[in-house]
Amino acid sequence: MPFSFFHLLCYITIIFAVNEGASKSKSKLRLFVFGDSYVDTGNWRKSIGSSWKEPYGITFPGKPSGRFSDGRVLTDYIASYLGIRTPIAYKWRKEVKRSNLEYGMNFAYGGTGVLDTLANQPNMTTQIDFFQRLVEQKVYGKQDLDNSVALVSVAGNDYATYLARNTHDLQKLGDFTKKIMDQLEINIDRIRGLGVKRIAVTLIEPMGCIPLQAVSSSYSNCTQALNLGSKFHNQMLNQSLQNLNAKDNSTVFITLDLYDAFFSALNKFTTHAPAGSLGLKPCCEGKDMGKYYCGSVDESGAKLYTICENPNLSFFWDTLHPSQNGWHSIFSSLRSSLHKLTI
């Protein structure tokens, strides 16, 4: 039978459908990030942010980049896993070409929390306001959102603020956790309402193992009372996410267990740590703890901090944040959960 116009039309239709399906399957994911310094990649102003001062960024990219580490942070590793470039920080959105926005955007600000903290920067609610504004302005359309995931890492600074304002009173910490959880649940459900299809929320790290807390024991022990607070927070967060998923029988919300990942990573670093420090000693710290910090300098520019010989052997970069190699080890522990981010 001769090849007719009808056959040609069918052939074109089939080819178009195959190509369209292939295009959809290869659609670039967008990553939207909310939270604090564990995921911030440059939203603080250069004039005031410690993350923009030396020696931050010495491992990657070789100079300060706005990350609170010597190099990459959790956002960078998650983006790489998703096969995309690290999304642009919200602060720089107008300084780059439109094509640089196609990987999503990072709204996280170091020092911030679910609620207002000691840092005068946008809290999570305000970060979502920024995101909503971009959606309303059609910077990100339905197709973008249909291929989007969100990363939420927040709450550590809420507890730091509570402890600073309540002179380390742990008696009412449980009530404060419930307050955080009520607002956090509203926030992440709001992100879903804006069209994001998968939302990964980090469980909080073992707060008692942060060097700022462990220094009192010369980095030989974690503060167990604070770790119990972390566990309570994580139990409540797991329950909240289960409730949100149950509302419409979905799996939109998933957890990334930073608590267990921190301990798993710390165990690996302990073998290279100074005797008795359990890997809790930071690579970069002020010369007079509590007075000076990593990056502090005097009026002449002289350094008021010390740096370890090899940051790759330290789990913690400074008194609050993991090093690049620390984050890489944490990410490796989280990999088994990341397949759930697939849309």
Side-chain angles (χ1 to χ4, degrees), residues 33 35-44 48-61 63-78 86 89 106 108-113 117-119 121 151-161 202-215 219 222-223 226 230 256 258-259 261-263 265-266 268-269 273 277-286 289-290 292-296 305-308 310-331 333-334:
V33 185
D36 55 29
S37 54
Y38 278 8
V39 289
D40 183 1
T41 54
N43 272 316
W44 271 72
I48 60 173
S50 61
S51 56
W52 288 105
K53 298 177 181 178
E54 295 181 348
Y56 288 83
I58 59 170
T59 301
F60 171 85
K63 61 181 180 180
S65 66
R67 292 168 171 82
F68 290 82
S69 183
D70 62 311
R72 295 173 179 85
V73 295
L74 184 59
T75 300
D76 298 297
Y77 289 110
I78 297 293
T86 297
N106 190 335
Y109 281 77
T112 64
T117 64
L118 299 176
Q121 298 293 323
L151 171 63
V152 175
S153 177
V154 71
N157 294 308
D158 291 290
Y159 289 106
T161 299
T202 62
L203 300 185
I204 201 168
E205 72 281 359
M207 294 185 288
C209 297
I210 300 301
L212 192 62
Q213 300 296 335
V215 65
Y219 306 116
C222 299
T223 303
L226 289 178
S230 293
L256 298 179
L258 282 192
Y259 190 92
F262 261 63
F263 276 120
L266 277 168
K268 297 176 184 176
F269 281 84
S277 76
L278 301 179
L280 303 177
K281 183 176 175 58
C283 174
C284 183
E285 56 185 331
M289 180 62 70
Y292 302 116
Y293 305 92
C294 180
S296 293
Y305 60 89
T306 59
I307 306 179
C308 64
N310 186 355
N312 288 329
L313 299 182
S314 294
F315 175 75
F316 284 106
W317 164 244
D318 61 15
T319 56
L320 292 171
H321 308 100
S323 64
Q324 171 174 286
N325 216 21
W327 276 122
H328 182 267
S329 187
I330 291 168
F331 167 75
S333 296
L334 294 174

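Just so it is clear, the model here is predicted, and its values are computed rather than measured.
- In this structure, N43 contributes its side chain and A108 its backbone to a donor-acceptor pair below 3.5 Å.
- Panel note: side chain S314, backbone W317; no donor-acceptor pair is recorded below 3.5 Å.
- With sequence neighbours excluded, the residues satisfying side-chain contact (heavy atoms from CB on, under 4.5 Å) with S296 are Y292, Y293, L304.
- Between Q213 atom CD and L280 atom CG the span is 11.5 Å, to the nearest 0.5 Å.
- Distance alone, capped at 3.5 Å, places no donor-acceptor pair between the S37 side chain and the G110 backbone.
- Among pairs with a residue in residues 69-78, those fulfilling salt bridge (charged side-chain N to carboxylate O under 4.0 Å, His left out) read R67-D76, at least two apart in sequence or across chains.
- Here the closest non-hydrogen pair linking G156 and E205 is CA-OE2, 4.3 Å.
- Taking both residues in full, the closest heavy atoms of L151 and V39 are given as CD2-CG1, 3.7 Å, listed atom of the first, atom of the second, then distance.
- Using a distance-only test at 3.5 Å, with no hydrogens or angles considered, a donor-acceptor pair links the side chain of T117 to the main chain of G111.
- Remark: T41 pairs with N106 by the side chain to side chain donor-acceptor pair (under 3.5 Å) rule, at least two apart or across chains.
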Could you list the donor-acceptor pairs under 3.5 angstrom formed between side-chain atoms of residues 48-55 and any protein atom two or more places apart in sequence or on another chain?
residue, atom, partner, partner atom, Å
S51, OG, G66, O, 3.3
W52, NE1, W44, O, 2.8

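- Side-chain contact between L258 and I330: present, with at least one pair of heavy atoms (C-beta onward) separated by less than 4.5 Å.
- In this structure, the side chains of D40 and F68 come closer than 4.5 Å at one or more pairs of heavy atoms.
- Atom CG of L313 sits about 9.0 Å away from atom SG of C283, to the nearest 0.5 Å.
- When atom types are taken as modelled, the side chain of S329 and the backbone of N325 share no donor-acceptor pair closer than 3.5 angstrom.
- For E285, the salt bridge (Lys or Arg N to Asp or Glu O under 4.0 Å) partners are K281, not counting sequence neighbours.
- Minimum heavy-atom separation, I58 to P311: CD1-CG, 4.2 Å.
- Applying the ring pair (Phe, Tyr, Trp, His ring centres under 6.0 Å) test to F331 and every residue at least two apart in sequence or in another chain returns Y77.
- Remark: S69 engages no residue in a side chain to side chain donor-acceptor pair (under 3.5 Å) (not counting sequence neighbours).
- Across all non-hydrogen atoms, the minimal contact from L266 to F316 is CD2-CE1, 4.1 Å.
- Considering only residues two or more places apart in sequence or on other chains, T202 meets the side chain to side chain donor-acceptor pair (under 3.5 Å) condition with S153.
- Here the straight-line distance linking atom CG of D158 with atom CG of L118 works out to 10.0 Å at 0.5 Å rounding.
- The shortest distance between side-chain heavy atoms of L226 and I210 does not fall below 4.5 Å.
- In this structure, W327 has its ring center under 6.0 Å from that of Y38.
- Taken together, C284 and C308 fail the criterion of an SG-SG distance shorter than 2.5 Å.
- Looking at residues two or more places apart in sequence or on another chain, you find a ring pair (Phe, Tyr, Trp, His ring centres under 6.0 Å) between Y259 and F263.
- Residues I204 and A155 come closest through the heavy atom pair CD1-C, 4.0 Å.
- Residues satisfying the ring pair (Phe, Tyr, Trp, His ring centres under 6.0 Å) criterion with F262, sequence neighbours excluded, are F315.
- Partners of S333 by side chain to side chain donor-acceptor pair (under 3.5 Å), not counting sequence neighbours, listed by chain and number: S264.
- Listed here is the closest heavy atom pair of A261 and L334: CB-CD2, 4.0 Å.
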